[in-house]
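Each remark here refers to the structure printed beneath this line.
Starting from 1, each residue takes its place in the sequence as its number.
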Amino acid sequence: RRQRQMCIRDRDLKVFPNPTTNQILFNLPIGTTTEYIIELFDNVGALVYSTSQMNGGLVTQNLKDYHSGVYTIQVSSDKVKYMQKVIVTK
């Protein structure tokens, strides 16, 4: 039985604007019926937000209620995992 290998692709997730004060935008691959798990971690690795989205396209993530700092956004599906640092400035 073949085991699925998850590919981590840091450079493939384009988050903008970065740094940000209010919100970020990013594109997920379209044309597939994939569920994406979107998670946001603070600078010590604690999960501060989690949601899911079916399919790809442009995603807007509101960060206005978060303190200044460096966060990591992680977007994963059953096939791939994207990670990117996000800087929030107030």
Side-chain angles (χ1 to χ4, degrees):
R1 190 161 117 152
R2 194 172 187 178
Q3 186 177 10
R4 282 190 195 171
Q5 183 175 359
M6 185 172 290
C7 178
I8 298 176
R9 304 175 66 145
D10 295 352
R11 292 187 201 111
D12 290 346
L13 184 65
K14 306 294 185 217
V15 177
F16 55 94
N18 194 9
T20 187
T21 56
N22 264 346
Q23 69 181 13
I24 55 172
L25 302 154
F26 54 93
N27 278 304
L28 296 176
I30 57 174
T32 61
T33 54
T34 300
E35 179 181 21
Y36 292 98
I37 306 299
I38 301 167
E39 298 173 309
L40 188 68
F41 298 90
D42 66 13
N43 63 340
V44 294
L47 180 66
V48 295
Y49 178 79
S50 180
T51 190
S52 63
Q53 174 174 317
M54 286 302 294
N55 307 318
L58 184 65
V59 177
T60 301
Q61 181 63 54
N62 189 339
L63 299 176
K64 69 178 180 145
D65 294 330
Y66 293 93
H67 297 291
S68 294
V70 179
Y71 295 83
T72 300
I73 187 162
Q74 176 177 291
V75 181
S76 55
S77 70
D78 61 342
K79 295 182 178 126
V80 69
K81 182 186 289 186
Y82 303 101
M83 297 174 71
Q84 185 69 26
K85 299 282 187 200
V86 176
I87 300 170
V88 175
T89 58
K90 299 292 179 176

Do you know the tightest heavy-atom contact between Q84 and V15?
-> CG-CG2, 3.8 Å
To the nearest 0.5 Å, atom CD1 of I37 lies from atom OG of S52 at 5.0 Å
So do Q53 and E35 actually touch side chain to side chain, heavy atoms under 4.5 Å?
-> no
Within a strict 4.5 Å, meaning less than it, do heavy atoms of the T34 and N55 side chains meet?
-> no
Between the main-chain N or O of G69 and the side-chain N or O of N43, is there a donor-acceptor pair closer than 3.5 Å?
-> no
So CD1 of I38 and OH of Y49: to nearest 0.5 Å the spacing works out to 7.0 Å
Any F41 side-chain heavy atom under 4.5 Å of Q74 side chain = yes
Please name the pair of heavy atoms, one in L40 and one in Y71, separated by the smallest distance, quoted to 0.1 Å.
-> CD1-CB, 3.8 Å
Contact check, side chains of N22 and L63, non-hydrogen atoms, under 4.5 Å | no
How many angstroms lie between CG in D78 and OH in Y36, if you round to the nearest 0.5 Å?
-> 9.0 Å
Among V70, T72, I24, find the one that has a side-chain contact (heavy atoms from CB on, under 4.5 Å) with V86.
-> I24
Examine the side chains of K90 and S68 and answer whether a donor and an acceptor come within less than 3.5 Å of each other.
-> no
Working to the nearest 0.5 Å, report the span between CD of Q23 and CZ of F16.
-> 10.0 Å
Side-chain touch V75/L13, heavy atoms, less than 4.5 angstrom = yes
Gap between atom NZ of K85 and atom CD1 of I73 - 0.5 Å precision | 12.5 Å
Worked check of side chain to side chain contact (heavy atoms under 4.5 Å, CB included) between V59 and L28 | CA-CA 7 Å; V59 177; L28 296 176; 3.8 Å; yes
Closest approach of I87 and N18, non-hydrogen atoms and distance?
-> N-OD1, 2.9 Å
